[in-house]
Every structure is written in structure tokens, then in C-alpha cells.
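Down below is the structure, laid out as C-alpha cells.
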Amino acid sequence: MLQINYIKQNVSAVKEGLALKNFINFSLVDELIALDEEIRKLKSNTENLQASINITSKEIGALMAKGNAEEATAKRNDVATLKEDLGIKKNALQKIEEDFTNKILLLPNLPHSSVLPGKTPEENVTVLSGGTIPELPENAKPHWDLIKEYDLVNFEVGAKLTGSGFPVYKGRGAKLQRALIQYFLDYNTAAGYTEYMPPLMVNEQTAYGTGQLPDKEGQMYHVTEDKLYLIPTAEVPVTNIYSNEIVKENDMPIKMTAYTPCFRREAGSFGSDVRGLNRVHQFDKVEIIQLVHPDKSYEVLEEMANHIERLLQFLELPYRLLKLCGGDMSFASALTYDFEVFSAAQKKWLEVSSVSNFETFQTNRMKIRYKDEDGKTQLLHSLNGSSLALPRIVAALLENNQQEDGIHLPKTLHQYFGAAKIEKV
RNA sequence: AGAGAGGUGUCCGAGUGGUUGAAGGAGCACGCCUGGAAAGUGUGUAUGCGGGAAACUGCAUCGAGGGUUCGAAUCCCUUCCUCUCUGCCA
């Protein structure tokens, strides 16, 4: 959520930023400023009324104590008049405030000054790349064939149990999941991230904190009976661990990692994007999250990107890093990098990690703050990134490493998987 | 799931309608005392929003939301959470 004081002081910069994010309803900005003025006026109005009521009430108390009932009654009547007036004004204030809140929630975060314009994924910029794309023979198979051939993942059974997009991992397929999760967590904790295991369902307040609500309501599974949402990413519960906290300056940066399944309705997806493991409703992901001093957040963003890049190097996958253009960034993000790996048989770049700096957009909603040297309360910056999302990593690992005698796993996984390759059955 | 008890500041803890934003204690910060430390001692020590150059000041907040009242931490309703017992259960 943007801060109204900032908006008021930087109207044109705000509008430019919104334009970069393809948000062109500028009149909303002007409307918000006008509403804020109105709220201020009404507020001081009601507060003054309340102040005189408070004073008179104390006077009544004093008069009662003295036994001066007559004067007390007179004062009571005064208060009654004031209260009537106050009631009307308070109602008006409440309505305007609601209106204001609903409207300011519609504003996306402003992009960082380095974000380039653009409306579609095609306009993202490749910042760097690494690894080598393997030369596969003509008959190389896409992962959806390999998982059948090696009996690793069964979509049909998943569809029977739940529905499409809920894979059942089996045997070595299941073990590969477990190995990857274990490896990713070890890699993250070695870098100073504290491991968490959060709940997989969150309440409304928590979903609102990281920006899933009200923006992405339809993308989450909703347990209506208990008013809970299945988490679309560990970011939601884990970032909220510090909601409504004032953290000590020495405790920054806060570095957290968590493995969770992620649940996404993916309404509106179709075509080859959803083939095999490319897009599913339930998948495993290890996430890294940092809460940092605002001066450090962009430094930390680079650090997190480096951290993820090294992980992809250990996995020996060909990768590239994209800097997202304004129009392709998420609602809450100020700057986002996407890591993609090349899945050599389907000849496709697949997004496996998204690293973002949200600046104060989330922390403002969650009220995650610290005290600066002057004793003033300031918002932290929040960042997160996947390290990593499993299904597409698995897709690329299977496709890129397929050989005559089986799928050769990268060295770093041998110990975790308990074997150097997945043999043919 | 049923019955009961309870949720107060960083922590413990008092407070059942009227200078209570909240006693007392601990902790913490600064000062005094000390060769240094401990002990002792003095002062200070919540958050949000608004006004003010500042001193300071207004409003709100005693789990959350609503209500009664001139006035609520205190009374009523709703809701969440914690604990104890019973039930159920991995």
C-alpha cells in the first residue's frame, strides 16, 4: 500500500511511476488527495468535539462528587447536543475513510527508478545468462514423456484423486522432490537464512498483508467454512511472522527460508504453458525472504539474485536472468528479476524464480517497523525470491540430462538423491 | 467438540463505572555514589494519527469489533486466542 503523504508530496512522480506499471487511472490519485484533505478536516472536527465532551464529562464527575446535581444535569444536556453532532460527523468520516482505503488499495507499488517501460513479457531485458544449453539428439523427449517412461510422476492418478494439475510423485520421482527440497534448504541455511515451517493456510488479514488480497483473490483456494486461504507461496505466512512488530535495528537483516507446498488456482491458464510440470495447481517451493533496512534493500536484492544464481550453477542448468519491465511486474513489486532455465527438449525458457524488492509496500500493510537514530518509527523493506520452485527445475533436469542409460543428475544432488542417475526401468 | 478460568505496557502484576494511559515490581536507558564493579540511589522508559519551530498539546488504543452511559480497562453482546478438565484423535 502506498503512503498518502508520499503521494501528496510527489504527485507527478507517482503518476509517472503508475504509468510505467500500466496503471493510467490518474484521476484516482487526485481523488485520493482530495479525500485525504476531507478526512483531515473532518477528523480534527470530530476530535475537537470529542475533546469538549471529554472535558465536560470530567466536570460532571466533579460536580457529582460535590453533590451538585442540578448543574450536573445541565451539563449532561450540553453533552447530549454535542454527541448528536458528533455522531453525524463520525458517520460521515467513517464512510469517507472506507472509500479512501478501498481506493488506495487499488494503487500498485511504484517501480524503482531503474525499471524500464514495457507492457509485455517480450519487453523484459536479459541481464545475464550462464550454463550451457545441451545438444540433445533428435529423439530427445520432453519431460512429460520422461516422467512416464521412468515412472516418476503420475498426473492421471492425481486427476482421479483431486483434479488436473495435482501431480502424484512416485518412487524416485518422490525422492527427487525430497532431495531437492533438502538441498535447497541446506543451501539457504548455510547462507544465514533461518528455516521456518509455517502453516499452509492463512487468515484474511495475513493474505492481505503481503498483497494477495484484495488483488489476487481469485488465484487462491479459499476454505470458506473457516475463512482461510491456502497459501500460494511461503512468502505469505513467513513475511507476516513479523507483522505488527517493531524490530530492533541490530536484528536486521532478518533472513528467513521455508519449504512449503504452494496452491494456485491458475484461473485462465491454457495451452502448452500448462503441459506436464510447466504449470500445476500444487507444487513445492523453497522460498527466501528478507526484511531489511531501507538503505540496504537494493544491495540485498542483488545479493539474493547472486545466491539464486549460484544455486542454478550448482544444478548445472542453463539459465538467464531477466529484469522485468514495468508492465510485467507484480502489483506489489518495485523491482523484479526473474530467473529462467532452459528446458532443452521442449526448447523453452521456464521461470523458476522471481526475486523482488517490495520496498515498503508490504511492510506498510503489515506494520513491520524499526526505530531510527532519532527514535522515529520507520518501515522496513521486504524482499523475497524462490530458491527454488521445483516442478520446472525437475522438468529441465530431466530433459537436459537424458542420456541412453538414464538421467544423469548434477554432482551436487548425488548425495541427496542417493544415486548419480535415474536408471531406466 | 463440551464445561470452566483468563487475555492489562518489554515482562510480571494491581485495578469491577469518574484526573487510570493505567498503581507496584522487574527489566532497560541516563545520572549520582565507587579506584572499578555489585549493591544503593535519582530520573526517564508504549503505539498510531493530528496541531506546534519547540516546550508542549488534542484524539484513539487495557486481545479484536460493537453496545449501554454525561463518563468504560471496569457493565452487556459478538468474535479470536490461551490455560485447565472431559471427549475425540495423528
Side-chain angles (χ1 to χ4, degrees), chain A residues 1-9 32-105 197-209 213 223-229 237 240-252 254 261 360 362-380:
Chain A
M1 187 164 68
L2 298 181
Q3 296 166 85
I4 186 66
N5 286 338
Y6 180 85
I7 295 176
K8 274 163 45 178
Q9 284 156 25
L32 280 166
I33 292 170
L35 280 172
D36 182 66
E37 284 307 317
E38 216 173 320
I39 286 170
R40 270 160 207 277
K41 259 188 225 155
L42 259 172
K43 236 190 188 164
S44 86
N45 222 312
T46 53
E47 282 181 7
N48 288 339
L49 269 173
Q50 188 64 58
S52 43
I53 291 172
N54 287 348
I55 290 167
T56 314
S57 292
K58 280 189 181 165
E59 287 170 358
I60 292 170
L63 288 169
M64 299 290 281
K66 272 192 265 172
N68 193 341
E70 206 173 297
E71 217 172 306
T73 311
K75 295 246 181 206
R76 263 184 218 185
N77 291 335
D78 293 350
V79 175
T81 321
L82 290 174
K83 271 191 87 172
E84 209 175 308
D85 192 14
L86 180 65
I88 294 165
K89 288 199 166 118
K90 262 193 171 169
N91 266 337
L93 179 61
Q94 203 189 334
K95 273 199 190 121
I96 297 176
E97 279 184 324
E98 257 169 47
D99 190 26
F100 176 83
T101 308
N102 290 338
K103 282 183 173 145
I104 200 164
L105 283 174
M197 268 204 169
L200 305 182
M201 292 187 218
V202 294
N203 59 32
E204 209 171 88
Q205 180 60 42
T206 301
Y208 165 86
L213 291 180
V223 184
T224 49
E225 177 90 13
D226 297 290
K227 293 186 188 143
L228 297 173
Y229 292 89
N240 273 280
I241 286 172
Y242 282 89
S243 64
N244 291 309
E245 299 272 339
I246 294 186
V247 304
K248 297 215 171 69
E249 217 166 341
N250 308 346
D251 291 343
M252 292 187 272
I254 293 166
T360 60
Q362 296 182 325
T363 55
N364 186 33
R365 290 185 177 201
M366 285 180 278
K367 301 287 172 252
I368 304 181
R369 298 153 298 173
Y370 72 98
K371 296 238 191 225
D372 65 15
E373 294 93 20
D374 303 332
K376 280 209 159 190
T377 315
Q378 307 283 358
L379 295 167
L380 275 74

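Quantities reported herein were computed from a predicted structural model and do not represent experimental measurements. Any value given below was found using the heavy atoms of this structure, including those in side chains, with hydrogens, waters and symmetry copies removed. Chain identifiers are assigned alphabetically (A, B, ...) following the order of the sequence lines, protein sequences preceding nucleic acid strands; residue numbering begins at 1 within each chain.
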Using the [atom1] atom as the reference point in each nucleotide, state the distance between [N] and [M] in Å, no decimals.
N: B:C76; M: B:U68; atom1: P; answer: 15 Å
N: B:G24; M: B:A3; atom1: C1'; answer: 35 Å
N: B:C83; M: B:U78; atom1: C1'; answer: 22 Å
N: B:A64; M: B:U82; atom1: C1'; answer: 15 Å
N: B:U43; M: B:G48; atom1: P; answer: 27 Å
N: B:C62; M: B:U8; atom1: P; answer: 12 Å
N: B:A72; M: B:U84; atom1: P; answer: 36 Å
N: B:G21; M: B:G58; atom1: P; answer: 12 Å

If the cut-off is 4.0 Å, is [X] near the phosphate of [N], judged by side-chain N/O to OP1 or OP2?
X: A:T377; N: B:G48; value: yes
X: A:Q50; N: B:A60; value: yes
X: A:N54; N: B:C59; value: yes

Value in whole Å for how far the [atom2] atom of [N] lies from [atom1] of [X]:
X: A:L379; N: B:C49; atom1: CG; atom2: C1'; answer: 14 Å
X: A:I246; N: B:G9; atom1: CD1; atom2: P; answer: 14 Å
X: A:M64; N: B:C70; atom1: CE; atom2: C1'; answer: 9 Å
X: A:K89; N: B:G50; atom1: NZ; atom2: P; answer: 20 Å
X: A:K90; N: B:C49; atom1: NZ; atom2: P; answer: 19 Å
X: A:E245; N: B:G48; atom1: CD; atom2: P; answer: 14 Å

If you count every heavy atom of other residues, nucleotides or ligands that lies below 6.0 Å from A:E37 atom CD, does the total exceed 12?
yes
Ignoring hydrogens and angles, are the base of B:G50 and the side chain of A:E47 linked by a donor-acceptor pair under 3.5 Å?
no
Looking at the side chain of [X], which of [options] is the nearest nucleotide?
X: A:R369; options: B:G58, B:G48, B:G50; result: B:G48
X: A:N5; options: B:G18, B:C49, B:G50; result: B:G50
X: A:R40; options: B:U47, B:C70, B:G50; result: B:G50

With a non-hydrogen cut-off below 4.0 angstrom, is A:K75 in contact with a base, only sugar-phosphate, or nothing?
nothing
Could you check whether any side-chain N or O of A:N48 sits under 3.5 Å from a backbone N or O of A:S44, counting only pairs where one atom can act as donor and the other as acceptor?
yes
Hey, which of these two, A:G61 or A:R76, hits RNA chain B nearer its 5' end, going by closest nucleotide?
A:G61
Assert: residue with more 5' nearest nucleotide on RNA chain B, out of A:I55 and A:K43, is A:K43
In A:Q362, A:M366, A:M252, A:E245, the residue satisfying side-chain contact (heavy atoms from CB on, under 4.5 Å) with A:L380 is A:M252
Strictly below 4.0 Å, N to O, side chains only: are A:K95 and A:D99 in salt-bridge contact?
no
The test is side chain to side chain contact (heavy atoms under 4.5 Å, CB included); show your working for A:Q50 and A:I53 and say whether it passes.
CA-CA 5 Å; A:Q50 188 64 58; A:I53 291 172; 4.3 Å; yes
So what's the dot-bracket for RNA chain B: Watson-Crick or G-U pairs under 3.5 Å, [ ] if a pair crosses, | if it pairs off-strand?
((((((((.[[[..)..(.....]]]((((((.......))))))((((((....)))))).[[[[[..)....]]]]])))))))....
